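Here is the structure we will look at, set down as structure tokens.
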Amino acid sequence: MQIYEELKARGLVAQVTSEEEVADLLNNGKATFYIGYDCTADSLTAGHFVTLTLMKRLQMAGNKPIALIGGGTTTIGDPSGRTDMRKMLTLEDINHNAECFKRQMSRFIDFGEGPGQAMMLNNADWLLNLNYVDLLREVGACFSVNNMLRAECYKQRMEKGLSFLEFNYMIMQSYDFYHMFQAVGCNMQCGGNDQWSNMLGGTELIRRKLGKDSHCMTINLLTDSQGNKMGKTAGNAVWLDPNRTSPFDFYQYWRNVGDADVMKCIRWLTFLPLEEIDAMDKWEGSQLNRAKEILAYELTKLVHGGAEAEKAQETARGLFTGGGSTEHMPSTELPAARFENGQIGAIALLTACGLCPSNAEARRLIQQGGLTVNGRKVTDIAAAFDQADFQGEGVVIKKGKKVFHRAYIR
RNA sequence: GGGGGAGUUCCAGAGCGGUCAAAUGGGGCAGACUGUAAAUCUGUUGCUUCGGCUUCGGUGGUUCGAAUCCACCCUCCCCCA
């Protein structure tokens, strides 16, 4: 099976400009494609992960990837599918974030000078020096405001308001494609399906200015069976940076996906062969727990490496099925100052470990029976623990049913 | 430029001088049930040294007392140009 057919079989492909031509490019290693990443935070998220795996798959099939860091476009902010305007970032923040992205991507993607190796570019290099009038004359004439306003991605903003700044995002993105088409022979753009209209802007611009064809392919957005975006917990992203989302928490996120979503995730995100996945398709009921383990393990391995994946799996098994080690669960070293007369109160312990943001919430948690320390349920908000207990391995705090944390002192 | 409307706690959205830390729904968290799933049910959901303290776009003002009234400002929406 060739790569394009495999992508389809995995259910990834959403839209393509021309199925025939895109398949030809990709299957024969003729594509030099780019995927853009706006650096609005200092870490990539699980949301970006889907496109990163796409990049890797296409690279493995012999195509040349360009990871485009949006150092320039981030200064504008993509309004696609958003109901509010993004916070404006300073140039320093953006540069810092771009550096972080670069480091993370290098874990998956093979960058270098060779023919199949990936390039990394930053659109700040060409966007930031554009001259307004020149730009208007060069590309402004190629865009129809009428069409732009009709674009699906602005739909929500037509009610809530769309600033001119953000409206220009599409033009900047189109310019990127146009620029790279000429500068580095980039003939294809890939991205999430929410980017479709922005992406078409680029092919249109290239056709108008240069009379040449270029292509786009979007992949489906990763949503659960309810239609909610995946890769978020309580509105917070699941990060790829181990300091933001520990490998254990990352593992747990995927270990906990719903029954209805496991196989889809495995198909989309892992690199397991399709035959193997098809065989798992028959699993049902509690058997799916095995599939969830596979999913969590495979993804953790991709993002954090095999050693971390082993640790996370071992820790999770230990915690949920008894025994096992507590060594690799997220932990906090308590400073001696948190202890008073050699003790720390239950509420202070929860806030010190970042398990509860306020004393009130910690108190509530305890009163509602959601705290277990070293296997013993704590229901007294005045409970206190001896400093000596935190020596060595420390104590294991369990918040609710699934959040484990270790607190220790040196 | 002219006219009309709106900004409320994580989100949506009530409240329109005291009984408002603010209805209701969603989301979150916790409990029960379970398979570390889903669905369902229950509780909870500003902070606090539990005396209080700070919230209803911003700044001032009226009042014993304001999310609620007034002035100005900011932001957004709609209609006309």
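All chains are named by letter (A, B, ...) in the order of the sequence lines, taking the proteins before the strands, and each is independently numbered beginning at 1. The structure displayed is predicted, hence computed values, not measured ones.
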Nearest to the [X] side chain among [options], which nucleotide is it?
X: A/K399; options: B/G35, B/A30, B/U49; result: B/A30
X: A/R255; options: B/G35, B/U48, B/U36; result: B/U36
X: A/K402; options: B/U44, B/U36, B/U48; result: B/U36
X: A/R364; options: B/A37, B/U44, B/C29; result: B/U44
X: A/N256; options: B/U49, B/U36, B/G35; result: B/U36
X: A/Q252; options: B/U48, B/U36, B/A30; result: B/U36

Residue-phosphate contact under 4.0 Å: A/N359 side-chain N/O, B/U49 OP1/OP2: yes
Between A/K401 and B/G31, is there a side-chain N or O to OP1/OP2 distance below 4.0 Å?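 True: A/K401 side-chain N/O within range (under 4.0 Å) of B/G31 OP1/OP2.
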For the ring pair A/F108 and A/F49, is the centre-to-centre distance below 6.0 Å?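 That pair passes the under 6.0 Å test.
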Contacts of A/E284 and A/E361 projected onto RNA chain B by closest heavy atom; the upstream (5') one is A/E284
Closest-nucleotide mapping onto RNA chain B: is A/P357 or A/L288 further toward the 5' terminus? I mean the 5' end. A/L288
Whether the side chain of A/Q368 and the base of B/G43 hold a donor-acceptor pair under 3.5 Å is what I'd like checked. yes
Could you check which nucleotide pairs with [N] in any of the strands shown, counting Watson-Crick or G-U wobble with both distances under 3.5 Å?
N: B/A71; value: B/U59
N: B/A21; value: none
N: B/A14; value: none
N: B/C76; value: B/G5
N: B/A81; value: none
N: B/A39; value: none

Gap between atoms [atom1] and [atom2], on [X] and [N] respectively (whole Å):
X: A/L365; N: B/U45; atom1: CG; atom2: P; answer: 14 Å
X: A/L350; N: B/A30; atom1: CG; atom2: P; answer: 11 Å
X: A/L371; N: B/C29; atom1: CG; atom2: P; answer: 16 Å
X: A/N289; N: B/A38; atom1: CG; atom2: C1'; answer: 12 Å
X: A/I347; N: B/C29; atom1: CD1; atom2: P; answer: 20 Å
X: A/I381; N: B/U49; atom1: CD1; atom2: C1'; answer: 13 Å
X: A/I366; N: B/G31; atom1: CD1; atom2: P; answer: 13 Å
X: A/Q226; N: B/G26; atom1: CD; atom2: P; answer: 14 Å

For nucleotides [N] and [M], find the distance between their [atom1] atoms and express it as a whole number of Å.
N: B/C56; M: B/G3; atom1: P; value: 30 Å
N: B/A22; M: B/G15; atom1: C1'; value: 8 Å
N: B/G17; M: B/C70; atom1: C1'; value: 13 Å
N: B/A14; M: B/C64; atom1: C1'; value: 28 Å
N: B/G52; M: B/A21; atom1: P; value: 13 Å
N: B/C80; M: B/U68; atom1: P; value: 33 Å
N: B/U75; M: B/A66; atom1: C1'; value: 23 Å
N: B/U45; M: B/U36; atom1: P; value: 30 Å

Would the distance check show the side chain of [X] and the main-chain N or O of [Y] forming a donor-acceptor pair, the cut-off being under 3.5 Å?
X: A/T270; Y: A/I266; answer: yes
X: A/T53; Y: A/L269; answer: no
X: A/N131; Y: A/D134; answer: yes

Check this for me: does any side-chain nitrogen of one of A/E19 and A/K8 sit under 4.0 Å from a carboxylate oxygen of the other? yes
So what does [X] touch, heavy atoms closer than 4.0 Å: a base, only the sugar-phosphate, or nothing?
X: A/R290; value: nothing
X: A/K292; value: base
X: A/V257; value: sugar-phosphate

Kindly assign one of parallel, tilted or perpendicular to the pair A/F404 and A/F320, based on the angle between their ring planes and the thresholds 30° and 60°. perpendicular
Below 30° counts as parallel, above 60° as perpendicular, anything between as tilted: where do the rings of A/Y178 and A/Y175 land?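 If you compare the ring of A/Y178 with that of A/Y175, the planes turn out perpendicular.
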Under 3.5 Å, is there a donor on one side chain and an acceptor on the other for A/Y408 and A/Q391? no
For each nucleotide in nucleotides 76-81 of chain B, reading 5' to 3', give B when a protein heavy atom comes within less than 4.0 Å of its base, S when such contact involves only the sugar-phosphate, and - otherwise. SSS---
Validation row: A/M188, A/C216 side chains within 4.5 angstrom (heavy atoms):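 Side-chain contact under 4.5 Å: no.
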For B/G61, glycosidic torsion class - syn if within 90° of 0, otherwise anti: anti
Non-neighbouring partners of A/N63 that pass side-chain hydrogen bond (donor to acceptor under 3.5 Å, both in side chains), sequence neighbours left out: none
